[in-house]
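Naming: A, B, ... by sequence-line order, numbering from 1 per chain. FYI, side chains are in, hydrogens and waters are out, and symmetry mates aren't considered; it's all heavy atoms of this structure.
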Amino acid sequence: MTEIEQTGEEAAPTATLPLDAWHRDRGGRMVAFAGYWMPIQYEGIMAEHLWVRENAGLFDVSHMGQLYLLGEGLDDALEAVLPGDVKGLAVGRMRYSLLLAEDGGILDDLMLSRWPEGIYMVVNGAVKWEDIGHLRETLPDAITINHLEDRALLALQGPKAFDALKRHTTGQWPLEALVFMMGGPYQIGGVDAWISRSGYTGEDGFEISVDADKVEQVANLLCGAPEVKPIGLGARDSLRLEAGLPLYGHDLDPTIDPIEGDLGFAIQKRRRVEGGFPGAARILGHYEDGPPRKRVGLLVDGKLPVREGAKLFDGEDEIGVVTSGGFAPSVGAPIAMGYVPRDHAVPGKSVAAEVRGKRVHCTVTAMPFVPHRYVRKQGG
Amino acid sequence: MPRYYTEEHEWIDVDGDVATVGITDFAQGQLGDIVFVEVPDTGAELSQGGDAAVVESVKAASDVYAPVDGTVTEGNGQLEEDPALVNSDPEGEGWFFRMTLSDKSQLDALMNAAAYKAFCDDL
């Protein structure tokens, strides 16, 4: 057997998270990921995945970069590096956006939130240092970039997340006031927190930013509830794959632009009309005329998992590649996502994935694979 | 029936000239939920240390190596329907394949149960 502890990431971890001992005490199996020791699983990916879909799971995502940007002309400055409508972002609102290279390729995907004084940004852990470097280089000197390294980030996800969090939370507004992609200041068991109704599992849930030296207190409080268990990175990956959400470094990279990545929704109408973001000509061209290739979902026949790197074929022609794939516990079958030419990016199209020399039949499908259960403003 | 172990976490039960091969309880525990197993075809010629089978967990695919040289006589067809047998009974019903041994002296280099346990304790 090989690679029993393989994670697909670098071998030498450089840091421990504030909850490192907490994870180990709870039986978390730690692996190196994005420069940190992180729990890949506790009791098992399958059980943890299904637990989140039915109950609530607590994820430690403190490896992600939390940035706080301040300064005169911040909105204009940010609109010059990413394609989202920053100016239209009201206090307490969040937006999914993309850091773009000059040619429109994706350098990272991220979340923006308007805090009363500035913009709070959460970026991927694996590229946070590159992101900070890029922002320092491209934003004007008037903009201050604070890297909130003394803060931890938790994600509480699942249909019972609201009940579990509500019990311990106080704030100026009731927790119900938060709907999907909104955030605000709260206290959890007396600890100051920025809480947003967001996440990356497709479930209802919250992301909770607190001081690193208080995160254990908060994690203990939340996991004291019968409906909450700590969940590892393994289930986080299978949950986000079922939710059809791309993972930077796998499904998105600098060769892919937002339209190819099926992320056109991240470019709000005003930006599509006005342009003025990196790679606007390429991106808006792809928006109008259709991209040459596009990220799609794949339903895989049979039981053999089709994983990242598998080549995709139409007959003898190699047409694309799988960028994420694996067994989907809630679907009960293997699923994947990958890139195919525009004329193949149509639900119902057949393609073949090559796994160890064998061809596996796949059907292009609309995503998500499992319906999102976000709590939105109306009805929800 | 003597049982031997490899540093790659395969076990091999030897009965005369035929052996049964699987992965150890330690290995299945590390891999987590097994969702697919690809066993070799009957008649496949295996060489010690070479690829013999593939085991897929939710998160990754891992190769299983042949512990000795020989020829496959049977793959465990049950694993096709129920790959989780590798989790529930890795060193019993969850066996991967049976093979003939072309060089029994190769067994001398493998570990016995006590040595394998000590090996795992050190990991």
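Between Arg240(A) and Asp251(A), at least one side-chain N (NZ, or NE/NH1/NH2) sits under 4.0 Å from a carboxylate O, which counts as a salt bridge.
Contact of Val54(B) with chain A is made through the side chain alone, with heavy-atom distances under 4.5 Å. For Thr24(B), no part lies near chain A; criterion is any non-hydrogen pair under 4.5 Å. Residue Glu38(B) touches chain A through its side chain alone, counting heavy-atom pairs closer than 4.5 Å.
Because its NZ or CZ atom is both nearer than 6.0 Å to the ring centre of Trp22(A) and within 45° of the ring axis, Arg26(A) counts as a cation-pi partner of that residue. Cation-pi check for Arg236(A) over Phe59(A) is met; the charged atom lies under 6.0 angstrom from the ring centroid and within 45 degrees of its normal. Cation-pi geometry between Arg98(B) and Trp95(B) is met: the NZ or CZ atom falls under 6.0 Å from the ring centre, inside 45° of the normal.
Heavy-atom pairs under 4.5 Å with chain B were tallied for Arg307(A), Arg356(A), Lys303(A), Met46(A); the largest tally goes to Arg307(A). Ranked by heavy-atom pairs under 4.5 Å with chain B, the first of Lys358(A), Glu308(A), Glu43(A) is Lys358(A).
The shortest side-chain heavy-atom distance between Val37(B) and Glu56(B) does not fall under the 4.5 Å cut-off.
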